[in-house]
Amino acid sequence: MKKQKPTGPEAVTAAIYAVVRAIPRGCVATYGQVAELAGLPSGHRRVARAMKTCPSGLPWQRVVGRKDARRAQIAIQDPEHAALQRKLLEAEKVAFDASGFIVLRRHGWLPIDL
DNA sequence: CGTGTGACGCGAG
DNA sequence: CCTCGCGCCACAC
C-alpha cells in the first residue's frame with residue numbers, strides 16, 4: 001500500500017489551500033501558521049509561493065505576514081496588490097492599525113505564540 | 001549543477 | 001521598537 005502521506009508537490013499545495021480555505025471570514029493567519037497546519041513546519045516560503053499562484057476561489061487575503069507576537073502585516077511587495085488585500089480584509093471587517101498592522105488578538109484565527 | 005532571489009520567520013544586538 | 005543576519009524551500013538563470 002502506498003503511503004497515504006502526500007509527498008508530491010501537488011499534494012502539498014492542496015494541503016496549503018485546504019488550510020487557507022479553512023480560515024473563517026473576518027480572521028487572518030500567518031504564513032508560518034498555515035505552513036505548520038499544512039504539515040510544513042518550516043514551509044512558510046512554500047506557502048508564500050502557493051499564494052502567489054493565486055488560484056480562484058481561495059481566500060488568499062486572509063494569509064498575512066507576521067510582524068511580531070501580537071501583530072501581523074500584509075507581506076505583499078506589490079503596492080497595488082497589497083492595497084487590494086487590505087481592501088478585501090476591510091470588507092470582512094478586519095481592522096488595520098494606523099501603521100497598517102492587524103491586531104492578532106482581535107482578528108487572529110488561532111493563537112499564535114501565546 | 002551553482003548562484004541569486006522572494007507575498008517569510010525568528011533570534012540577537 | 002529598531003535593524004541586521006541566518007535559515008528555510010522552490011524556482012529562474
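Below, read A as the first sequence line, B as the second, and so on, with proteins coming before strands; counting in each chain starts at 1.
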Roughly, in whole Å, what's the span from [atom1] in [X] to [atom2] in [N]?
X	N	atom1	atom2	value
A:Arg49	B:dT5	CZ	P	13 Å
A:Lys52	B:dG6	NZ	C1'	7 Å
A:Leu40	B:dC8	CG	P	16 Å
A:Glu36	B:dC8	CD	C1'	14 Å
A:Asp97	C:dC1	CG	P	11 Å

If you compare every side-chain N and O of A:Arg71 against the phosphate oxygens of C:dC1 (OP1, OP2), does one of them come in below 4.0 Å? yes

Given side chains that start at C-beta, do those of [X] and [Y] come closer than 4.5 Å, heavy atoms only?
X	Y	result
A:Ile16	A:Leu40	yes
A:Val47	A:Val19	no
A:Ile76	A:Leu84	no

Considering only distance and modelled atom types, tabulate donor-acceptor pairs under 3.5 Å from the side chains of residues 49-60 of chain A, sequence neighbours left out.
{"from": "A:Thr53", "atom 1": "OG1", "to": "A:Tyr17", "atom 2": "OH", "distance (Å)": "2.8"}
{"from": "A:Thr53", "atom 1": "OG1", "to": "A:Ala50", "atom 2": "O", "distance (Å)": "2.3"}

Is it the case that C:dC8 (base atoms only) and A:Arg45 (side chain only) share a donor and an acceptor within less than 3.5 Å, ignoring hydrogens and angles? no

Are more than 12 heavy atoms, taken from residues, nucleotides or ligands other than A:Arg21, located less than 6.0 Å from that residue's CZ atom? yes

Sort out for me which residue in A:Ile102, A:Ile74, A:Val63 forms a side chain to side chain contact (heavy atoms under 4.5 Å, CB included) with A:Val28.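 Answer to the side chain to side chain contact (heavy atoms under 4.5 Å, CB included) test with A:Val28 among A:Ile102, A:Ile74, A:Val63: A:Ile102.
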
Could you pull out the protein-nucleic contacts involving nucleotides 9-13 of chain B (nitrogen or oxygen on both sides, under 3.5 Å)?
{"from": "B:dG9", "atom 1": "OP1", "to": "A:Tyr31", "atom 2": "N", "distance (Å)": "3.3"}
{"from": "B:dG9", "atom 1": "OP1", "to": "A:Gly32", "atom 2": "N", "distance (Å)": "3.3"}
{"from": "B:dG9", "atom 1": "OP2", "to": "A:Arg66", "atom 2": "N", "distance (Å)": "2.7"}
{"from": "B:dC10", "atom 1": "OP1", "to": "A:Arg66", "atom 2": "NH1", "distance (Å)": "3.2"}
{"from": "B:dC10", "atom 1": "OP2", "to": "A:Arg66", "atom 2": "NH1", "distance (Å)": "2.4"}

